[in-house]
S.K.: 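Please read through the structure below; I'll follow up with questions.
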Amino acid sequence: MTFQDNTKITDRCTGMGEGKGKALAAEAGEYGCTAVNLTPGFMRTEAVLEMFGVSEENWREGGKVDPTFAVSETPAYVARAVASLATDPDVTRLNCHSLSAGALAKEYGFTDADGSSPDPARHFEDFMTTGTAPDPNDYR
């Protein structure tokens with residue numbers, strides 16, 4: 001299954017736990033509800049900012065400690081993903097799917113608090129495929 005822009009939606013129930021995900025999706029479906037596994041990326045919470053010794057104003061400095069931090073996201077990003085799912089009249093098509101905030105941002109057109117659309121899942125996938133750390137700016 002793919003989104004409108006041909007971004008692949010992960011396999012059904014991946015990450016939800018095969019049995020638990022199927023059971024939850026089946027039961028939710030009986031009541032007209034949808035169960036999804038929503039995975040945020042590298043979350044830039046207050047505790048993580050503190051761990052990196054940065055603030056929300058200079059958070060990009062954390063990329064000097066860990067280059068993947070440059071593709072991190074605020075809690076607002078995953079909250080916007082939840083809001084988009086909650087207001088989607090056709091959300092049942094996603095029942096029992098594992099989704100990332102980055103993929104949902106492409107589908108629904110929302111951005112993070114700074115106006116960017118980080119996609120750490122795609123960044124990680126490209127890194128694992130090539131063996132070379134891609135430029136994080138290409139994934140914002």
Side-chain angles (χ1 to χ4, degrees):
M1 179 176 215
T2 57
F3 283 127
Q4 294 171 8
D5 69 351
N6 291 323
T7 301
K8 184 178 184 311
I9 297 175
T10 59
D11 295 332
R12 295 175 61 85
C13 295
T14 303
M16 289 183 95
E18 192 67 27
K20 290 178 188 174
K22 285 182 179 179
L24 181 58
E27 186 169 337
E30 289 178 21
Y31 296 96
C33 299
T34 301
V36 300
N37 180 31
L38 176 58
T39 304
F42 195 158
M43 188 70 68
R44 226 167 40 245
T45 63
E46 291 173 350
V48 171
L49 290 169
E50 185 177 319
M51 183 178 75
F52 276 83
V54 295
S55 66
E56 190 56 40
E57 290 73 36
N58 71 338
W59 71 268
R60 289 186 183 263
E61 294 294 313
K64 294 175 183 174
V65 175
D66 180 347
T68 61
F69 193 63
V71 193
S72 64
E73 61 196 53
T74 69
Y77 197 51
V78 74
R80 290 172 180 174
V82 170
S84 295
L85 289 167
T87 57
D88 182 346
D90 191 31
V91 73
T92 56
R93 76 191 188 287
L94 301 175
N95 194 33
C96 199
H97 282 86
S98 291
L99 309 164
S100 70
L104 289 172
K106 287 180 183 148
E107 173 69 4
Y108 293 114
F110 62 85
T111 62
D112 202 348
D114 66 359
S116 69
S117 297
D119 194 348
R122 189 171 57 87
H123 181 266
F124 179 75
E125 182 179 327
D126 290 351
F127 175 69
M128 295 307 291
T129 301
T130 65
T132 305
D135 182 349
N137 293 315
D138 294 339
Y139 300 85
R140 288 211 67 81

S.K.: Could you list the donor-acceptor pairs under 3.5 angstrom formed between side-chain atoms of residues 73-80 and any protein atom two or more places apart in sequence or on another chain?
M.R.:
| from | atom 1 | to | atom 2 | distance (Å) |
| --- | --- | --- | --- | --- |
| Glu73 | OE1 | Gly41 | N | 3.3 |
| Glu73 | OE2 | Gly41 | N | 3.0 |
| Thr74 | OG1 | Ala76 | N | 3.3 |
| Thr74 | OG1 | Asp112 | OD1 | 2.3 |
| Tyr77 | OH | Pro118 | O | 2.9 |
| Arg80 | NH1 | Thr111 | O | 2.6 |
| Arg80 | NH1 | Asp112 | O | 3.1 |

S.K.: Nearest 0.5 Å, what's the CG-CZ distance between Asp114 and Arg60?
M.R.: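 Nearest 0.5 Å value for the CG-CZ distance: 6.5 Å.
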S.K.: Can you tell me how far the CE atom of Met51 sits from the OG1 atom of Thr45, to the nearest 0.5 Å?
M.R.: 8.0 Å
S.K.: Among the clusters formed by ILVMFWY side chains lying less than 4.5 Å apart, do Val36 and Phe110 turn up in the same one?
M.R.: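 As far as the 4.5 Å side-chain criterion goes, Phe110 and Val36 are connected within one cluster.
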S.K.: Grab the two heavy atoms, one from Arg93 and one from His97, that are nearest each other, plus how far apart they are.
M.R.: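 In terms of heavy atoms, the two residues are closest at O-CE1, 3.6 Å.
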S.K.: Quick one: side chains of residues 24-32, donor-acceptor pairs under 3.5 Å with protein atoms, not counting sequence neighbours, listed by atom name and distance.
M.R.:
none

S.K.: Answer whether the closest heavy-atom distance between the side chains of Leu85 and Leu99 falls below 4.5 Å.
M.R.: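 Leu85 reaches Leu99 side chain to side chain.
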S.K.: With a 4.5 Å cut-off on side-chain heavy atoms, are Thr68 and Phe127 touching?
M.R.: no
S.K.: Could you tell me whether a side-chain N or O of Arg44 sits under 3.5 Å from a main-chain N or O of Ser72, the two making a donor and an acceptor?
M.R.: yes
S.K.: Should Leu38 and Val71 be regarded as members of a common hydrophobic cluster, given that ILVMFWY residues are connected when their side-chain heavy atoms come within less than 4.5 Å of each other, either directly or indirectly?
M.R.: no
S.K.: A quick test of your reading: do over 12 heavy atoms of other residues, nucleotides or ligands sit less than 6.0 Å from CZ of Phe124?
M.R.: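 Not more than 12 within 6.0 Å, no.
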S.K.: Would you check if the side chain of His123 reaches a backbone N or O of Ala121 as a donor-acceptor pair within less than 3.5 Å?
M.R.: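 It does not hold such a pair.
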S.K.: Test Asn58 against Ser55 for side-chain hydrogen bond (donor to acceptor under 3.5 Å, both in side chains), laying out the working first.
M.R.: CA-CA 5 Å; Asn58 71 338; Ser55 66; 3.0 Å; yes
S.K.: List the steps and the verdict of side-chain contact (heavy atoms from CB on, under 4.5 Å) for Val48 and Met43.
M.R.: CA-CA 8 Å; Val48 171; Met43 188 70 68; 5.8 Å; no
S.K.: Can you name the closest pair of heavy atoms from Ala81 and Leu104 and give their distance?
M.R.: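 Answer, listing the atom of Ala81 first, then Leu104: CB-CD1, 3.9 Å.
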S.K.: Can you measure from CG (Leu94) to CG (Asp88) and round to the nearest 0.5 angstrom?
M.R.: 6.5 Å
S.K.: Using a strict threshold of under 4.0 Å (side-chain N to carboxylate O), is an ion pair present between Arg122 and Glu125?
M.R.: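 Looking at Arg122 together with Glu125, the answer is no, because their closest N to O distance does not fall below 4.0 Å.
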